[in-house]
Student: 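Can you read through this structure? Questions will come right after.
As the structure is a computational prediction, the values presented were derived from the model and not from experiment. Counting starts at 1 for both ligands and their atoms, in listed order.
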Amino acid sequence: MLRTMPLTAEQCRVDDDIRRAETLPAAAFVDGEFAQRELDTLFCTSWQLLPDHGDDPRPLDEQVTARGTRVPVSLLGRPLYLQRGWDDDVLRAFPNTCTHAWHPLVLGASRGPTLVCAQHGRRFDCTGRFVSQPGFTKLPDFPRDCDHLTSLPIAIWRRMVFANLGVDPARQHSLAPSISGTAALPSVFAEIDASLAKMPAAVERTSAETRDVAGNWKQHAWNFLDPFHIGYVHRAPHGLADAIELASYTTEIYEHSVLQWVYASKPADGFDPAWLPERFHDRAGRRVFALWWFVFPNLALNFYPWGLSVNVYQPIPGRPEATRFVWHQWAIDREKHADRDRRWLSAQVDAEDVDTLAHVSRGLRSGFAPRGRFAPDDEQAAHWFHRNVARGVFGS
Ligand code: FES
Ligand SMILES: [Fe+2]
């Protein structure tokens with residue numbers, strides 16, 4: 001068994017100097033108390049992709065296009081609902097919890113100028129404002145601010161709906177969304193947007209999958225940021241290491257995000273240069289195989305000539321040893337999209353990583369090898385990730 005005392009900031013400190021730095025301790029990947037701290041910190045100060053609602057195969061934004069429509073969604077174990085305005089066209093997100101006595105407000109997709117709580121009939125409008133409730137007509141000081149619903153900040157990026165659970169407590173009931181400790185989404189995505197300025201928009205979302213996989217969410221994020229394993233886990237022949245020019249692998253580290261990119265072994269498997277800014281062009285005619293973007297703490301946006309593969313590594317409250325893996329794919333070029341598993345090895349790389357991380361998660365629980373070190377040339381992005389987790393959780 002690993003430790004029982006809560007992890008301290010000192011035990012999790014990751015030195016700024018990669019040559020001296022140790023990784024986060026093994027306990028940070030298995031410990032329930034640390035996992036809860038992450039939910040209260042990293043996941044309340046970051047933009048999170050909202051998962052789909054129920055069995056509806058349509059992307060979330062399409063489910064709430066009509067005025068007055070609403071759907072329930074769950075984000076990191078917290079119940080929310082999305083609501084399109086009735087008098088305006090604004091999309092809002094609210095806690096799916098009644099301010100009277102906590103019953104869920106939206107049990108399935110519905111539509112209308114107001115919604116009525118199923119437990120005792122409290123009525124809210126599409127902006128979250130309390131409208132009426134039988135029995136509540138003669139109360140002094142009613143409704144209070146907190147009898148209305150708190151609107152959470154949301155943002156839409158390339159048809160994906162993001163929400164932020166970090167509502168400023170001082171303004172929690174003001175109905176005006178504000179965020180504490182979080183950069184606005186456009187600034188978080190600024191470098192990504194610059195790299196995509198010439199990229200065509202996706203034509204359709206082709207698949208959406210959610211599954212629980214072994215290993216803490218940080219293992220999956222770390223693995224995504226780790227080019228070091230490609231030559232081993234995805235080795236030649238027939239692996240990703242064959243499809244790319246590994247020696248050209250480039251890692252660019254920004255404040256909120258990291259870009260990894262590499263040239264394709266075969267130019268035909270690379271991007272049309274017209275889709276990318278000049279800095280990716282190569283005089284020798286090599287073409288970029290992929291732009292692998294990571295947004296801290298847990299979002300991967302993988303742009304290929306066929307389209308976009310989105311991975312979210314969601315923590316599962318109460319289960320630090322597992323990750324809810326959300327995988328959406330969007331086609332930009334339909335013909336290449338159909339070929340993505342053969343030429344870009346999409347499914348194979350995913351299966352190899354999932355298998356490797358299941359092994360690692362067993363090693364993490366062994367109690368051996370409590371902290372590792374970083375290879376300075378190959379593990380800069382991993383170091384950036386570990387340092388940001390430590391700082392985000394402990395605030396220093
Ligand atoms: S819990 Fe909603 S009206 Fe009572
Ligand atoms: Fe991998």
Student: By number and element, which atoms of ligand 1 are closer than 4.0 Å to a non-hydrogen atom of Gln133?
Tutor: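 Matching atoms, with element in brackets: 3 (S).
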
Student: For Arg122, take its heavy atoms, then give the atoms of ligand 1 lying under 4.0 Å from any of them.
Tutor: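 Once the distances to Arg122 are compared, the set is 3 (S).
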
Student: Quick check: of its N, O or S atoms, which one does Asp353 have closest to the Fe ion (ligand 2)?
Tutor: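 Within Asp353, restricted to N, O or S, the Fe ion (ligand 2) is closest to atom OD1.
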
Student: How wide is the angle at atom 4 (Fe) of ligand 1 spanned by His100 ND1 and His120 ND1, rounded to 10 degrees?
Tutor: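 Approximately 90° at the metal, rounded to tens of degrees.
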
Student: Distance under 4.0 Å to a non-hydrogen atom of Gln119: what atoms of ligand 1 satisfy this?
Tutor: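 So the atoms of ligand 1 that pass are 1 (S).
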
Student: Tell me, please, if His103 has any N/O/S atom, main chain or side chain, under 2.8 Å from atom 2 (Fe) of ligand 1?
Tutor: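 Short answer: no, not a single N, O or S atom is under the cut-off.
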
Student: Decide whether Gln63 and Asp52 meet the rule of one side-chain donor and one side-chain acceptor closer than 3.5 Å.
Tutor: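 No donor-acceptor contact under 3.5 Å links the two side chains.
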
Student: Given His100, which partner from the list His120, Gln119, Arg122 fulfils the side chain to side chain donor-acceptor pair (under 3.5 Å) test?
Tutor: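 Passing option: His120.
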
Student: Taking the six-membered ring for Trp, are the ring centroids of Phe142 and Phe130 within less than 6.0 Å of each other?
Tutor: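 Here the rings of Phe130 and Phe142 have centres that are less than 6.0 Å from each other.
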
Student: Would you check if Val262 and Val288 make a side-chain contact, meaning some heavy-atom pair closer than 4.5 Å?
Tutor: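 No, their side chains stay 4.5 Å or more apart.
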
Student: With heavy atoms of Cys117 as the reference, note each atom of ligand 1 found under 4.0 Å away.
Tutor: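 The atoms of ligand 1 under 4.0 Å from a heavy atom of Cys117 are 1 (S), 2 (Fe), 3 (S).
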
Student: Which of the numbered atoms in ligand 1 are under 4.0 angstrom from any heavy atom belonging to Ala101?
Tutor: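 Those qualifying, in numeric order: 1 (S).
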
Student: Counting each atom of ligand 1 from 1 as listed, which ones have a heavy atom of Cys98 under 4.0 Å away?
Tutor: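 Here the atoms of ligand 1 in question are 1 (S), 2 (Fe), 3 (S).
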
Student: Consider side chain to side chain donor-acceptor pair (under 3.5 Å). Of Gln348, His234, His220, which one does Asp353 pass it with?
Tutor: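 It is His234; the other options fail the test.
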
Student: Taking the six-membered ring for Trp and the full ring for Phe, Tyr or His, determine whether the centres of Tyr304 and Trp330 are under 6.0 Å apart.
Tutor: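 No.
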
Student: Taking the six-membered ring for Trp, is the centroid-to-centroid distance between Trp261 and Phe280 below 6.0 Å?
Tutor: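 Yes, they do, as the ring centres are separated by less than 6.0 Å.
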
